There are 2 protein chains.
Amino acid sequence: MSARKAKPPVTLKAIARQLQVSESTVSRVLSGNGKKYRISAKTEKAVLELARKWRFVPNPLAQGLRLNRTQTIGLIIPDISNPFFARVARQIEVEARQAGFSIILCDSEEDTSLEIKSLELLEARKVDGFLIAPVGETTDHLQEYARRDWPMVIVDRYLPEIKLPYVSSDNFKGTYQAVKYLLERGHRRIACVQGRTASLPNRERVRGYRQALQEYQVAIDESLLVGNDFGLENGYIKTKLLLRQEKKFTAIMALSNLICLGTIRALTEEGMEIPRDISLIGFDDQVYCEYLRTPVTTVAQNEKEIGSIATKLLIEWIQSVNPV
Amino acid sequence: MSARKAKPPVTLKAIARQLQVSESTVSRVLSGNGKKYRISAKTEKAVLELARKWRFVPNPLAQGLRLNRTQTIGLIIPDISNPFFARVARQIEVEARQAGFSIILCDSEEDTSLEIKSLELLEARKVDGFLIAPVGETTDHLQEYARRDWPMVIVDRYLPEIKLPYVSSDNFKGTYQAVKYLLERGHRRIACVQGRTASLPNRERVRGYRQALQEYQVAIDESLLVGNDFGLENGYIKTKLLLRQEKKFTAIMALSNLICLGTIRALTEEGMEIPRDISLIGFDDQVYCEYLRTPVTTVAQNEKEIGSIATKLLIEWIQSVNPV
DNA sequence: TTGAAAGCGCTAACAT
DNA sequence: ATGTTAGCGCTTTCAA
């Protein structure tokens with residue numbers, strides 16, 4: 001028994017009874033198939049009117065059970081409190097809602113085993129498809145879902161071994177242009193603090209870095225390419241180490257916003273001033289960037305576009321596979 | 001028909017057939033009521049084993065339809081891309097998951113009519129309760145749900161006219177202590193740029209501001225208390241105006257992080273330096289605060305705690321009303 | 001043009 | 001200790 005004050009629920013059956021017609025007729029009208037089944041104009045009108053008067057809303061649980069379609073998308077994010085993901089998520093929600101889908105949100109806490117659990121949970125809940133920004137340690141579980149033909153679009157972090165649609169900003173171009181900018185300003189020894197090395201965004205960003213240097217005939221000093229995580233810690237520690245090793249470099253390319261903050265902290269602690277002593281470019285624009293102690297140049301990512309494209313892609317897939 | 005490669009679904013019925021027992025028996029065992037119904041150890045064991053072997057997972061749609069309980073919470077947030085809400089949301093998701101609930105996420109885009117639509121959508125989807133950070137323009141729709149005894153907990157923004165559980169940080173204490181801090185350092189003319197004046201968090205923050213001043217016997221100059229929105233624009237414009245009016249003040253209390261950024265922008269444009277020319281305290285701590293051009297002092301909010309308490313409150317309510 | 005009936009997967013009251 | 005049955009609300013095939 002529901003706790004809500006019990007009004008008799010507005011169901012197809014109730015409407016049918018009131019109108020002295022069958023449930024099927026009501027169903028046909030209300031799912032817009034009145035014409036198709038050649039329901040008489042009179043009946044159709046009566047049903048429509050009563051449904052609106054009684055504020056009939058179909059029960060999605062019943063529909064889902066019957067149709068194996070829930071108008072629901074499972075969204076799995078490694079950390080929804082990361083502003084980048086939060087912005088992507090917002091656009092996903094907006095876009096999905098406009099297409100008549102709801103979002104079930106799962107935070108995998110950057111933990112592959114929770115990612116797997118989330119997939120299972122969402123599968124049990126009969127979502128129509130997945131939008132996932134994978135943790136990225138392993139990919140077997142994703143492969144498995146791909147193999148079973150689940151509509152699934154990967155966001156941001158990609159794992160090249162899986163063949164699934166994938167949406168992210170142009171990571172290559174981002175660093176490519178940023179590093180070129182530095183080169184044009186005369187920098188030749190440019191350090192780079194990267195994120196998780198296995199992830200495609202990171203690989204692409206590094207590729208942009210290499211490409212730019214190469215075009216300027218600058219030999220790449222591998223000892224200036226450090227790091228393996230997108231977090232603040234990594235930026236901090238790796239920058240410290242770079243400075244300790246007395247590597248000579250005049251600029252740093254930080255491959256995420258958190259890395260960038262860590263780098264700033266390290267530089268500050270070591271008494272370096274930006275841009276007086278060193279230049280710094282970060283990745284992933286944020287509202288607050290322009291207010292940083294030092295207005296750090298950043299490569300903007302378009303979260304809205306990422307979210308929007310991913311959602312549209314997924315919904316198209318869902319609908320092609322399981323038309324309404 | 002589902003698009004997924006069709007394996008015969010693992011249902012109670014399938015298990016029952018295989019084991020030559022009735023569906024009810026299987027159901028009883030699998031919902032942990034074996035003892036209660038005194039199912040024989042042998043039968044129980046067989047069911048359990050097959051269920052695990054076949055990886056049986058009950059269908060939540062069917063359960064929901066039958067039980068009027070979906071183990072689902074509707075979360076309505078005015079802007080999930082706001083880092084404050086994103087962090088609250090994360091904790092909510094984590095906490096809810098641990099209690100066996102899923103989150104359906106709706107972003108009301110700071111729009112009351114979308115907030116109403118979200119409520120209706122979630123109600124139709126038979127969520128067990130709501131967590132909502134209301135837009136706050138009007139409250140009739142919330143009243144209505146409260147009246148119908150829906151489990152619902154308000155987060156962050158409160159509307160005192162509704163009597164519903166409400167969770168936020170201690171807004172009063174936040175500004176109270178911040179302003180006292182300024183007073184202790186000799187400031188006497190302290191401007192305050194506030195957020196949406198109708199909202200309780202804002203009112204509480206303003207109350208803290210007034211209280212602190214009062215305790216220091218500082219008469220309150222109402223012309224130093226300006227603003228009416230939590231956004232960046234408001235901080236920017238109101239600060240500009242304060243400066244233009246040549247009001248004398250030596251410190252500014254900004255009642256949100258976005259207001260604070262707007263204030264920084266305005267001060268910077270006017271050539272004021274923090275803290276040389278003026279002191280500034282913001283509300284709502286952020287990772288990036290310590291990296292701001294000027295390390296602005298801020299009042300921290302504990303998003304984790306807010307999310308955690310709100311979720312626990314709601315789930316307790318749900319379970320008291322509709323025990324498992 | 002409409003109705004009857006079956007069934008999606010599950011639970012619970014009522015047998016026995 | 002377990003089975004039978006009805007039903008949650010909906011869609012759809014088959015029949016009329």
Side-chain angles (χ1 to χ4, degrees), chain A residues 1-2 4 6-47 51 54 56-71 123-126 322-324, chain B residues 1-2 4 6-47 51 54 56-71 123-126 322-324:
Chain A
M1 226 274 299
S2 162
R4 265 66 82 195
K7 290 189 272 182
V10 179
T11 61
L12 287 188
K13 192 199 269 186
I15 294 182
R17 183 154 2 108
Q18 173 78 8
L19 258 33
Q20 306 274 42
V21 297
S22 74
E23 275 185 69
S24 349
T25 300
V26 179
S27 169
R28 295 195 252 251
V29 171
L30 259 23
S31 39
N33 293 324
K35 302 284 156 254
K36 182 170 142 205
Y37 286 98
R38 319 201 298 179
I39 306 291
S40 74
K42 202 177 90 203
T43 310
E44 175 146 34
K45 182 153 163 287
V47 170
W54 283 2
F56 170 80
V57 181
N59 181 329
L61 296 169
Q63 285 181 315
L65 190 57
R66 182 63 232 246
L67 299 175
N68 254 350
R69 222 194 316 112
T70 54
Q71 299 295 108
E123 178 178 9
R125 284 198 179 267
K126 306 286 181 222
N322 208 335
V324 186
Chain B
M1 226 274 299
S2 162
R4 266 64 82 195
K7 290 189 270 183
V10 178
T11 61
L12 287 188
K13 192 200 269 186
I15 295 183
R17 183 153 4 109
Q18 173 77 9
L19 257 33
Q20 306 273 40
V21 297
S22 75
E23 275 185 68
S24 352
T25 301
V26 179
S27 169
R28 297 196 250 250
V29 171
L30 260 23
S31 39
N33 293 325
K35 300 288 158 252
K36 183 169 143 202
Y37 287 98
R38 320 202 298 180
I39 306 292
S40 74
K42 203 179 92 201
T43 311
E44 175 147 35
K45 182 153 164 285
V47 170
W54 283 1
F56 170 80
V57 180
N59 182 329
L61 295 169
Q63 286 181 316
L65 190 56
R66 185 59 233 251
L67 299 175
N68 253 352
R69 221 192 322 110
T70 55
Q71 298 294 112
E123 178 177 9
R125 284 198 179 267
K126 307 285 182 221
N322 208 335
V324 186

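Values below: all heavy atoms of this structure, side chains included; hydrogens, waters and symmetry mates excluded. Here the structure is a predicted model, which is why all the values come from computation and not from measurement. Residue numbering restarts at 1 for every chain, and letters A, B, ... go by the order of the sequence lines.
Looking at every heavy atom in both residues, Ser22(B) comes nearest to Ala16(B) through C-CB, 3.7 Å.
Taking for each of Gln20(A) and Ser27(B) the nucleotide of DNA chain C with the nearest heavy atom, the 5'-most of the two is the partner of Gln20(A).
Between the Thr70(B) side chain and the Gly64(B) main chain, no donor and acceptor come within less than 3.5 Å of each other. No donor-acceptor pair under 3.5 Å is formed between the side chain of Thr25(A) and the backbone N or O of Val21(A). Under a 3.5 Å cut-off, the side chain of Asn59(B) and the backbone N or O of Ala62(B) do form a donor-acceptor pair.
Looking at Arg17(B) and Glu23(B), no side-chain N of the basic residue comes within less than 4.0 Å of a carboxylate O on the acidic one, giving no salt bridge.
In this structure, the CG atom of Asn33(A) is 14 Å from the P atom of dT2(C), given to the nearest Å. Atom CZ in Arg28(A) sits about 11 Å away from atom C1' in dA15(D), given to the nearest Å. Arg17(B) places its CZ atom 12 Å from the P atom of dG7(C), with the value rounded to the nearest Å. As a whole-Å value, the separation of Leu67(B) CG from dA13(C) C1' is 14 Å. Across the protein-nucleic acid pair, Asn68(A) atom CG and dC8(C) atom P stand 11 Å apart, rounded to whole Å. Atom P of nucleotide dG3(D) and atom CD1 of Ile39(B) are separated by 8 Å, given to the nearest angstrom. In this structure, the CZ atom of Arg125(A) is 15 Å from the C1' atom of dG9(C), given to the nearest Å. In this structure, Tyr37(A) places its OH atom 6 Å from P of dT12(D), rounding to the nearest Å.
Using a 4.0 Å heavy-atom criterion, one finds that Thr11(A) contacts the sugar-phosphate atoms exclusively. Contacts of Ser24(A) with the nucleic acid, taken as non-hydrogen atoms under 4.0 Å apart, include base atoms. Residue Thr43(A) is classed as a sugar-phosphate contact, given heavy-atom separations below 4.0 Å to backbone atoms only.
Under 4.0 angstrom from either OP1 or OP2 of dC8(D) there lies at least one side-chain N or O belonging to Lys13(A). Considering only side-chain N and O atoms, Ser22(B) lies under 4.0 angstrom from the phosphate OP1 or OP2 of dG3(D).
No N or O donor and acceptor, one from the side chain of Ser40(B) and one from the base of dT2(D), sit under 3.5 Å apart.
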